[in-house]
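First the structure, in the form of C-alpha cells, and then the observations on it.
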Amino acid sequence: MFWIKNLVRISQTTSSSVGNVFRNPESYTLSSRFCTALQKQPEIETVQAKDVVNGLEPQRYDGLAPTKEGEKPRVLVLGSGWAGCRLMKGIDTSIYDVVCVSPRNHMVFTPLLASTCVGTLEFRSVAEPISRIQPAISREPGSYYFLANCSKLDADNHEVHCETVTEGSSTLKPWKFKIAYDKLVLACGAEASTFGINGVLENAIFLREVHHAQEIRRKLLLNLMLSEVPGISEEEKKRLLHCVVVGGGPTGVEFSGELSDFIMKDVRQRYSHVKDDIRVTLIEARDILSSFDDRLRHYAIKQLNKSGVKLVRGIVKEVKPQKLILDDGTEVPYGLLVWSTGVGPSSFVRSLDFPKDPGGRIGIDEWMRVPSVQDVFAIGDCSGYLESTGKSTLPALAQVAEREGKYLANLFNVMGKAGGGRANSAKEMELGEPFVYKHLGSMATIGRYKALVDLRESKEGKGISMAGFVSWFIWRSAYLTRVVSWRNRFYVAINWLTTFVFGRDISRI
C-alpha cells in the first residue's frame with residue numbers, strides 16, 4: 001500500500017540522517033558542547049532510572065565546559081527580568097553565545113500585571129517568552145535557556161553551580177550542573193520585602209509574578225462565590241469580601257484602582273446579592289505615592305475615596321490567617337491580602353561574598369562591574385552603586401533595569417569587537433563612557449479612567465505633571481508601545497477592547 005511504502009521510506013531516511021550525525025565530525029563537535037560524553041549517555045540514563053526507582057538523587061551532570069579557541073565566548077545571564085531580557089535582546093549573537101539560567105522562561109511586563117488580577121487583561125498578554133526576546137537561544141547551537149536556579153558562584157574558576165527547577169516531588173528530582181562562562185551577568189532581581197513581620201509569607205499574596213496574579217484572581221472569585229452560599233454568617237461574609245492591600249506605592253495603588261473598577265462595573269452587575277458588602281482597604285505607613293508631586297497625590301487620594309477605597313495609615317505588626325494587626329492594636333479582618341511594600345535583596349544575593357551597597361545589594365562601579373572579581377557584572381534590582389563611586393543607589397524601577405541592560409549589551413558588543421569577549425581578556429581595556437541614568441518620569445493608573453503622569457526628573461525638578469482622563473490615555477498609550485513584542489501589543493489592545501465592550505472575564509479557571 002502507498003502509506004506503507006512512505007512509512008518505510010521515512011524510517012530509512014531517519015536512520016540514515018541519525019547515522020550521518022555521528023559520522024559528521026562537525027555535528028559531533030556541536031553535540032559534545034555538553035561535558036558528558038555521548039557514548040556514556042545510555043549508561044547514564046540507566047543509572048538515572050535505577051536511582052529514581054531506589055529513591056536516590058539523579059546522576060550529576062558536568063554541564064557546559066569552558067569555551068575553546070574557535071568558539072564564540074559565552075555570556076551567562078542569571079535572571080529573566082527587565083534587565084536580563086533587555087541585555088539578551090541587545091547583545092550581538094554573532095560575537096557571543098548566550099546562556100540564560102532562570103526559574104521562569106519568560107519576562108513579565110510588570111506595569112500591566114495588576115490588570116490581569118481582575119480580568120482586564122489575560123495572563124499571556126503580560127508574559128513574553130525568552131526565545132522571542134532573543135531567538136538565538138532556541139536556534140544557535142551554543143546558546144541555551146536552562147530552567148534552573150543558581151546555587152553557588154565560583155568566580156575564581158569562572159563557573160556557576162545550578163540546580164534544576166521541577167514541579168514538586170511528583171516529578172523528576174532536581175539535579176545539579178555547572179556552567180563555565182566568559183562573562184557573567186547577575187540580573188536575578190529582588191524579592192518582596194516583609195520587614196520580618198510574622199505571618200506575611202504564610203498568609204499574604206505578593207504581586208510580582210504571573211502566578212501571583214493567578215492566585216489573587218482565583219482567591220478573589222472564590223470569596224465572591226462563597227459569600228453567596230446559604231448558611232454563611234454575616235460576619236464571615238464581610239470578612240470574605242474585605243480586600244486589603246498593604247503598601248501605597250504605584251503597584252498597590254494601581255491594584256486598588258483596578259479592584260475598585262472591577263467592583264463598580266462587574267461585581268455590581270454579576271454578584272448583585274453581595275455588591276454592598278465588598279470593600280477595599282489600602283494600608284500605608286506614610287504617604288501613598290510618595291515619589292509623585294503633592295498635587296497628584298492629593299488627586300489620587302480623592303479619586304480612590306470616590307471609588308470606595310478606604311485609606312488607612314498604619315504599620316502592620318502581625319498577620320494572622322484571617323486578620324492582621326496594626327501597631328495601634330487595631331484588628332483588620334480580611335478575605336484577600338495583597339502585600340506590596342517594595343523589594344529587598346534576595347537570599348541568593350545575600351549569600352554572595354561580594355561587596356554590597358548600603359541597602360545590601362551587589363556593589364558595582366559605573367560600568368556595571370563587580371570590582372572585586374573579573375568578568376562579573378550586575379544589573380537591575382539586585383545591584384547598587386558602591387559608596388566609593390560617590391553615587392546614590394538607583395531606585396528599583398523597570399526603566400532603571402531596562403536602561404542598565406541596554407547599556408551593558410552595548411558595552412559587551414564593543415568589548416567583543418575589540419577582542420575582549422574572552423575570560424580575563426578585558427583587564428586593561430578602556431570601557432568608554434560610564435552608565436548615566438536619566439529619569440523619564442512616573443505614571444500610575446488609579447481607576448475610573450483616571451491616571452497620574454509625572455514627567456519630572458525629580459520631585460523637586462520642573463516638568464510636566466498632570467492627572468485625569470488625558471493622563472489615563474497617555475498611560476495606556478505609553479505602556480502599549482513599551483510591551484516587548486507586536487504579538488503581545490495585539491493581545492493587550494484586543495483585551496482592552498473586549499473588556500470595554502463586554503466587561504471583565506469572571507471565570508474561575
Side-chain angles (χ1 to χ4, degrees), residues 75-91 93 98-117 119-140 143-150 162-168 171 174 179 185-192 205-218 251 255 343 346 348 379-382 396-402 404-406 408-409 479-496 509:
V75 174
L76 175 58
V77 183
L78 302 183
S80 56
W82 281 86
C85 286
R86 186 59 185 87
L87 168 75
M88 289 187 283
K89 181 180 179 180
I91 202 162
T93 54
V98 180
V99 176
C100 177
V101 173
S102 174
R104 68 181 189 200
N105 71 339
H106 59 273
M107 170 192 162
V108 180
F109 192 81
T110 47
L112 297 179
L113 189 59
S115 299
T116 65
C117 300
T120 306
L121 295 176
E122 290 300 320
F123 299 111
R124 66 178 178 178
S125 301
V126 299
E128 190 68 43
I130 294 173
S131 58
R132 287 182 178 270
I133 296 173
Q134 179 47 266
I137 283 179
S138 57
R139 296 176 186 173
E140 295 293 327
S143 296
Y144 303 96
Y145 163 74
F146 296 133
L147 185 71
N149 281 313
C150 179
C162 303
E163 183 172 318
T164 57
V165 175
T166 57
E167 292 290 339
T171 60
I179 303 176
V185 180
L186 300 170
C188 41
E191 61 184 28
I205 305 175
F206 304 107
L207 187 52
R208 295 181 53 77
E209 303 285 351
V210 172
H211 66 85
H212 293 151
Q214 291 172 328
E215 188 178 356
I216 291 171
R217 183 167 171 175
R218 286 177 60 83
T251 301
F255 175 70
V343 296
S346 66
F348 172 68
I379 53 177
D381 295 351
C382 70
L397 299 175
Q399 61 173 296
V400 175
E402 184 183 29
E404 288 180 345
K406 182 180 180 180
L408 191 57
Y479 281 137
L480 185 61
T481 59
R482 298 302 297 164
V483 172
V484 178
S485 69
W486 282 103
R487 165 183 168 270
N488 277 24
R489 288 173 196 166
F490 179 77
Y491 281 154
V492 169
I494 292 298
N495 287 166
W496 279 340
I509 300 173

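Nothing fancy with the numbering, it's 1 onward along the sequence.
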Check [X] against [Y] and note the closest heavy-atom contact, atom names and distance.
X      : Y      : value
Ile379 : Gly405 : CD1-CA, 3.9 Å
His106 : Ala127 : CD2-CB, 3.9 Å
Ala409 : Gly90  : CB-C, 3.7 Å
Leu113 : Val126 : CD1-CG2, 4.1 Å
Met107 : Cys85  : CB-SG, 3.5 Å
Trp82  : Phe109 : CH2-CE1, 3.3 Å

* To do: Please say which of Ile137, Val99, Thr93 ends up in a side-chain contact (heavy atoms from CB on, under 4.5 Å) with Met88.
  =>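 Answer after filtering Ile137, Val99, Thr93: Ile137.
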
* Asked: Is Ile179 close to Cys162 at the side-chain level, that is, under 4.5 Å between some pair of heavy atoms?
  -> yes

Contacts of [X] that satisfy side chain to side chain contact (heavy atoms under 4.5 Å, CB included) - sequence neighbours left out:
X      : value
Glu215 : Ile205
Asn488 : Glu128, Val483, Ser485, Tyr491
Thr251 : Leu207, Ser340

Between [atom1] of [X] and [atom2] of [Y], what distance do you get to the nearest 0.5 Å?
X      : Y      : atom1 : atom2 : answer
Lys89  : Arg132 : NZ    : CZ    : 13.5 Å
Ser131 : Tyr145 : OG    : OH    : 10.5 Å
Thr116 : Phe255 : OG1   : CZ    : 9.5 Å
Thr120 : Asn495 : OG1   : CG    : 9.0 Å
Leu76  : Phe146 : CG    : CZ    : 9.0 Å
Tyr144 : Cys100 : OH    : SG    : 14.5 Å

* **Other residues, nucleotides, ligands: >12 heavy atoms within 6.0 Å of Arg124 CZ** => no

* Kindly write out the residues that satisfy salt bridge (charged side-chain N to carboxylate O under 4.0 Å, His left out) with Arg482, not counting sequence neighbours, or none if the list is empty. =>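 Arg482 satisfies salt bridge (charged side-chain N to carboxylate O under 4.0 Å, His left out) with Glu402 once adjacent residues are dropped.
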
* By salt bridge (charged side-chain N to carboxylate O under 4.0 Å, His left out), which residues pair with Glu163, not counting sequence neighbours? -> none

* Expected output: side-chain Asp381 to main-chain Ala190 donor-acceptor under 3.5 Å ->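 Between the backbone of Ala190 and the side chain of Asp381 there is no qualifying donor-acceptor contact (under 3.5 Å).
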
* **Where at least one partner belongs to residues 205-214, residue pairs that pass salt bridge (Lys or Arg N to Asp or Glu O under 4.0 Å), sequence neighbours excluded** =>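 Those involving residues 205-214 are Arg104-Glu209.
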
* Going by distance alone, is a donor N or O of one side chain under 3.5 Å from an acceptor N or O of the other, for Trp496 and Ser115? -> no

